[in-house]
Amino acid sequence: MKRILTAMLFFAVVTADAQQVNDSNTPLHLLKPNYTHKYGIPTTEEVKQTIDRVLQYVDGETPAQLIDSKTGKTIDQLKNINKDTRLKQGGFRLTSYEWGVTYSAMLAAYEATGDPAYLNYVTRRHQLLADIAPYFKKIYQQEKNIDGNIRRVIDPHALDDAGAVCTSMIKAMLKNPNLPLRPLIDNYSDYILNKEYRLTDGTFARIRPQKNTIWLDDMFMGIPTLAYMGKMTGNKEYYDMAAKQIIQFAGRMFVSEDGLFRHGWVEEMYPHPAFYWGRANGWAILTMCEVLDVLPENHPHRQYILNLLKTHASGLARLQHHDGFWHQLLDRNDTYLETSATAIYTYCFAHGIDKGWLDAKAYGPVALLGWQAVASSVNQTGQVENVCVGTGMGFDAAFYAYRPVHVMAAHGYGPVIWAGAEIIKLLNTKHPKLNDSAVHFYDEEVKTDKPIFNYDGSIRF
């Protein structure tokens, strides 16, 4: 009977559309919205198909091979490594912070889907870096002219070189302690702990574009490694260092009245620049998710970080565009819609729901709308479109608003896979249903086929 009634109403709408539509002859609430992108609840199969395309694309663009730079021939034996040996060039680098994000995302995708292709992708490349590091370290000690991508592994010069890749390796070793990654982890973490430039209170900082500048990006480039070192070693001092860094970053960079982080802070500048760049805010909320994942429940600063996450999530959610994206400058609707930030927020909202940090009813629809936007940016080749290229710190809106976008901007690939993996988990555990044109979420333990009553006593199915 319900299906017959629905069909009759649909016929009435179609017939009315062909004539003159008005409130008397047409149930206007049944008119189909003209969404720009796909709307509603995806299936886990649809989500996996999207991230599978990305995996297949980046697998081809990141060969795990060595070549002789003079002859172009493949080097398949470690004993043949010499000063002319290079990582085979693809579209992306194996040792960049963007690819550290991608490694962590692949591990999450393996956990969410059970598909070994994601784990194998990470294992092959981690293993390659571990195998070649001792050989290149000897060459590097004799002459400095080696492949810059490999130099980042054996002699990091910045948090960008160290943090994200190191964290991915710690995650891999927590799953499989037999992996030979500990020497690389120790080398990366030594740079973060002992060599990175800092302010007098210990906050990670840079000397560009002006001396004693803090970049929001560096929350993610350095802090998760500290927290994961705590998880791997059991040394609680790492947890304390990670929490302290978050508190000090937030004290300077979080604008509480807006619920957003400024991109940069300069010690000898007032007022400080307050540009709410999308991807940088993504690095901030992603940092909090990463730290909360391993920070002990009884840590004295855990509640502060959790409250900061919730406040930030609220500030971000209210600025989501109706097509699911977020803007390049979050509070400026005249700037373009950007994919990498959208993917990071989608992951963090879905992950926050999964962990119980964020309300599923409030943030579940935001996450699903975000995913549909992200999925629309993955073309049939598996490339991620509408991703802002690498960006420094600026002092005017034009600097951010006119940054180019490009499918070869590596920053989009890891976040898209990470978002898809977490959306799959969300769909499998929260069981969203469409009711009255809204997305509602039900925990697994209360999932039921019984009718649910509206406040007026009527039944919704």
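Residue indices begin at 1 and follow the sequence shown.
In terms of modelled atom types and a separation under 3.5 Å, the side chain of Arg262 and the main chain of Pro273 share a donor-acceptor contact. A donor-acceptor pair under 3.5 Å is absent between the side-chain atoms of Asp218 and the main chain of Met221, judged by distance alone.
Taking the six-membered ring where the residue is Trp, Phe349 and Trp326 present tilted rings, their angle falling between 30° and 60°.
Scored by the side-chain hydrogen bond (donor to acceptor under 3.5 Å, both in side chains) test, Thr287 finds no partners at all (sequence neighbours excluded). Partners of Glu267 by salt bridge (Lys or Arg N to Asp or Glu O under 4.0 Å), not counting sequence neighbours: none found.
Looking at Asn212 and Tyr197, their side chains do bring a donor and an acceptor atom within 3.5 Å of each other. A side-chain donor from one of Ser104 and Lys171 sits under 3.5 Å from a side-chain acceptor of the other. Inspection of the Gln127 and Asp131 side chains reveals an N or O donor paired with an N or O acceptor under 3.5 Å.
Residues Val405 and Gln328 form no side-chain contact, since every pair of their non-hydrogen atoms from C-beta on lies 4.5 Å or further apart.
Minimum heavy-atom separation, Ala360 to Lys430: CB-CD, 4.5 Å. Closest approach of Ala227 and Val291 over heavy atoms only: CB-CG2, 4.1 Å.
The ring of His126 has its center closer than 6.0 angstrom to the ring center of Tyr103. The ring of Tyr413 has its center closer than 6.0 angstrom to the ring center of Tyr57.
Other residues, nucleotides and ligands contribute more than 12 heavy atoms inside 6.0 Å of the CD atom of Glu46.
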Which pairs of donor and acceptor atoms, one on a side chain in residues 236-243, lie under 3.5 Å apart (sequence neighbours left out)?
residue: Tyr239; atom: OH; partner: Gly230; partner atom: O; Å: 3.4
residue: Tyr239; atom: OH; partner: Lys231; partner atom: N; Å: 3.2
residue: Asp240; atom: OD1; partner: His299; partner atom: NE2; Å: 2.7

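Geometrically, Arg403 engages Phe399 in a cation-pi contact defined by less than 6.0 Å to the ring centre and at most 45° from the axis. A cation-pi contact, defined as under 6.0 Å to the ring centre and within 45° of the axis, links Arg125 to Tyr121.
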For this session: Test Arg208 against Thr213 for side chain to side chain contact (heavy atoms under 4.5 Å, CB included), laying out the working first.
Result: CA-CA 6 Å; Arg208 70 180 180 93; Thr213 296; over 6 Å; no
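Of the listed residues (Tyr400, Trp215, Trp283, Tyr276), just one forms a side-chain hydrogen bond (donor to acceptor under 3.5 Å, both in side chains) with His263, and that residue is Tyr400.
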